[in-house]
Amino acid sequence: MTSFKDAGFAAARGTRDAAAPKVNVVLAKVGLRKPPAPKWPWVAGAIGAGLAIGGAVAYLWYRQRTESIGEQLLADELLDDTELDDRALQEELVDSVSR
């Protein structure tokens with residue numbers, strides 16, 4: 001008798017587990033239960049925010065690197081004394097770069 005009772009409980013549990021998703025859909029359509037919120041908008045938002053932040057960081061790094069390279073090239077060009085014969089002009093250029 002216990003075996004029949006356990007088999008009945010197992011069958012009822014299996015039927016309930018199999019029918020639960022369909023019942024939830026019907027209850028959501030009727031309005032008795034709120035439908036589950038989709039998860040993909042959160043994922044898309046997180047990916048978009050990560051891309052935006054990464055792009056901003058990459059742009060700032062690129063801009064800083066380009067400025068430092070440009071400053072170095074300008075300083076090298078201004079401090080190149082092979083073309084300058086006048087020492088006063090060279091000092092004036094060095095002074096203007098250091099300001």
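Values in this document were obtained by computation on a predicted structure and should not be read as measured data.
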**Q** With sequence neighbours left out, what residues match P38 under side chain to side chain contact (heavy atoms under 4.5 Å, CB included)?
**A**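 For P38, the residues satisfying side chain to side chain contact (heavy atoms under 4.5 Å, CB included) (neighbours in sequence not counted) are W40, P41.
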**Q** How would you list, by chain and number, every residue that makes a side chain to side chain contact (heavy atoms under 4.5 Å, CB included) with V43, sequence neighbours excluded?
**A**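 For V43 the side chain to side chain contact (heavy atoms under 4.5 Å, CB included) partners, ignoring immediate neighbours, are I47.
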**Q** Tell me which pairs pass side chain to side chain donor-acceptor pair (under 3.5 Å) where either residue lies in residues 52-71, with sequence neighbours left out.
**A**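 Side chain to side chain donor-acceptor pair (under 3.5 Å) check on residues 52-71 returns no pairs.
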